[in-house]
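This report refers to the structure that appears directly beneath it.
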Amino acid sequence: MVAGENGCANAFSKYEELASSLPASQKGIGSSPYRKHEGFWYPEHQLAPTLAMRDTFVARPTDIILATIPKSGTTWLKALVYCVVHRGHHAPADERHPLLVSSPHDVVPFLHSIYENHRSASPVPVLEEMPSPRVLAVHAPFTALPPSVRESACRVVYLCRDPKDTFVSLRHYVDKIKPEGSAMTPFAEAFDLFCDGVSPFGPVWDNMAEYWKKSMARPEEVVFLRYEDLKEDTVGNVRRLAAFLGCPFTDEEAERGVPEAIVTLCSMDKMRSVKANRDGMHWNGRSRFKNSAFFRKGEVGDWKAHMTLDMARRLDDIVEEKLRGIGSGLSMIGQP
């Protein structure tokens with residue numbers, strides 16, 4: 001290791017020491033302990049890189065930040081936005097389109113993963129070398145984003161999902177990716193923790209509320225989307241995204257069916273069929289697992305097959321109470 005790299009590693013270790021000193025929950029949705037920082041719970045191994053990202057990432061005005069709670073449509077959002085933004089270089093009908101040979105998580109990386117993989121406490125060269133517009137993803141709450149995101153006026157796209165479906169999808173996901181030999185928290189106990197706000201980058205309702213408030217205060221810079229609306233009218237919301245991101249579809253593109261072609265390319269069935277998504281591997285900073293773990297059902301209301309009505313009502317009531325008075329646009333979140 002050269003001197004500069006050693007300095008970065010030493011600086012990064014300070015964030016690890018800080019993370020290890022914070023309040024812990026030894027149990028969570030999966031097998032990883034969580035640490036609490038400024039009111040939010042983080043998977044222990046992701047807190048240090050998130051703090052390093054917050055302190056050192058320098059956003060460009062052309063950046064696009066995709067924000068989600070885990071298992072709220074992250075993979076789908078990455079694919080859709082990447083296609084919209086880069087359609088000038090990669091037509092959705094191109095047989096060599098990057099999404100036909102790569103995972104959406106490869107073409108749109110998580111910021112915290114970049115910092116974790118480089119164990120860096122300073123701007124990572126790979127980020128500096130990325131051409132604009134950079135499309136990057138986070139799970140962190142808005143208040144944990146680097147100040148440069150707010151100051152640069154770059155675009156932030158937030159996608160939320162019914163917390164009941166989020167919990168069920170997250171539960172299946174962490175079961176698939178858990179390290180060999182590790183034990184899962186029992187379903188009912190994990191649900192209790194989720195209702196107490198103990199979930200990755202949660203409480204879910206607080207994460208949503210932060211982005212909702214910013215979307216109301218700064219609608220030109222932050223847009224708030226619901227997974228259920230995206231499922232119901234994918235083409236319409238893709239058009240909305242393109243306009244928000246400053247690259248609206250032209251009349252000629254609309255006539256050629258470009259928005260519809262993007263939706264088809266990014267469909268669950270199409271993405272599942274891509275070899276990179278079936279057999280490719282992903283490293284999350286803690287373990288290596290198949291990309292297929294990112295693709296399950298993507299259905300609205302799948303919670304009904306896994307959760308009792310009493311459990312559903314309990315979570316709905318919590319979400320309603322936590323979001324009461326924040327804004328009418330959140331009134332449908334968490335409802336059957």
Side-chain angles (χ1 to χ4, degrees), residues 19-51 67-74 112 138-141 143-144 159-211 227 284-287 289 293-294 296-297 301-324 330 333-336:
S20 66
S21 71
L22 295 172
S25 173
Q26 292 304 314
K27 290 189 176 181
I29 304 303
S31 59
S32 173
Y34 295 166
R35 294 283 179 173
K36 195 171 190 179
H37 178 67
E38 296 184 349
F40 287 89
W41 290 99
Y42 295 78
E44 188 172 49
H45 68 285
Q46 293 180 349
L47 179 51
T50 298
L51 295 175
T68 58
I69 279 285
K71 306 313 295 176
S72 294
T74 307
H112 62 254
V138 299
H139 287 318
T143 49
L159 180 64
C160 76
R161 187 183 189 183
D162 181 338
K164 299 189 295 297
D165 279 332
T166 295
F167 171 76
V168 169
S169 183
L170 181 62
R171 177 70 181 177
H172 282 278
Y173 170 73
V174 295
D175 189 32
K176 286 184 178 180
I177 71 168
K178 69 179 183 296
E180 186 175 352
S182 61
M184 288 282 287
T185 304
F187 187 91
E189 187 176 347
F191 180 76
D192 287 341
L193 288 164
F194 192 84
C195 288
D196 289 338
V198 183
S199 63
F201 304 92
V204 169
W205 43 86
D206 288 340
N207 194 300
M208 291 190 295
E210 286 200 353
Y211 284 94
Y227 182 86
N284 70 351
R286 187 164 177 259
S287 62
F289 54 88
F294 292 112
R296 187 172 161 263
K297 292 183 178 180
D302 183 55
W303 62 266
K304 296 174 185 177
H306 306 274
M307 193 180 293
T308 67
L309 288 179
D310 285 343
M311 295 171 77
R313 279 192 288 266
R314 176 187 172 190
L315 184 52
D316 283 343
D317 288 346
I318 291 171
V319 173
E320 181 182 0
E321 178 186 355
K322 297 294 184 180
L323 297 180
R324 184 179 298 137
L330 288 180
I333 291 174
Q335 297 306 307

Keeping the roles fixed (side chain from [X], backbone from [Y]), state whether a donor-acceptor pair exists under 3.5 Å.
| X | Y | answer |
| --- | --- | --- |
| D162 | K164 | yes |
| R161 | K71 | yes |
| T50 | Q46 | yes |

What are the two closest non-hydrogen atoms of [X] and [Y], and how far apart are they?
| X | Y | value |
| --- | --- | --- |
| Y42 | A144 | OH-CB, 3.5 Å |
| V319 | P163 | CG2-CG, 3.9 Å |
| L170 | P70 | CD1-CB, 4.1 Å |
| A19 | R35 | O-CD, 3.3 Å |
| D165 | D302 | OD1-N, 3.0 Å |

Side chain to side chain contact (heavy atoms under 4.5 Å, CB included) between F167 and F187, intermediate numbers included = CA-CA 10 Å; F167 171 76; F187 187 91; 3.4 Å; yes
T185 and R171: CA distance, side-chain angles, deciding distance, side chain to side chain contact (heavy atoms under 4.5 Å, CB included) verdict | CA-CA 9 Å; T185 304; R171 177 70 181 177; 4.2 Å; yes
Considering only heavy atoms from C-beta outward, does the side chain of L51 approach that of H37 to under 4.5 Å?
->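 The answer is yes, as the side chains (C-beta and beyond) meet within the 4.5 Å cut-off.
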Determine whether S72 and Y227 make a side-chain contact, defined as any pair of heavy atoms from C-beta on separated by less than 4.5 Å.
-> no
For the atom pair [atom1] ([X]) and [atom2] ([Y]), what is the distance rounded to the nearest 0.5 Å?
| X | Y | atom1 | atom2 | result |
| --- | --- | --- | --- | --- |
| S199 | F40 | OG | CZ | 10.0 Å |
| L47 | H112 | CG | NE2 | 11.5 Å |
| E320 | L323 | CD | CG | 9.0 Å |

Under 3.5 Å, which donor-acceptor pairs do the side chains of residues 201-211 form with other protein atoms, sequence neighbours left out?
residue : atom : partner : partner atom : Å
N207    : OD1  : Y158    : OH           : 2.9
N207    : ND2  : H139    : O            : 3.3
N207    : ND2  : F201    : O            : 2.9
E210    : OE1  : F142    : N            : 2.9
E210    : OE1  : T143    : N            : 2.9
E210    : OE1  : T143    : OG1          : 3.1
E210    : OE2  : T143    : OG1          : 2.9
Y211    : OH   : A140    : O            : 2.7

Test side chain to side chain contact (heavy atoms under 4.5 Å, CB included) applied to R314 - qualifying residues, sequence neighbours left out =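 R314: side chain to side chain contact (heavy atoms under 4.5 Å, CB included) contacts with F191, D192, C195, I318.
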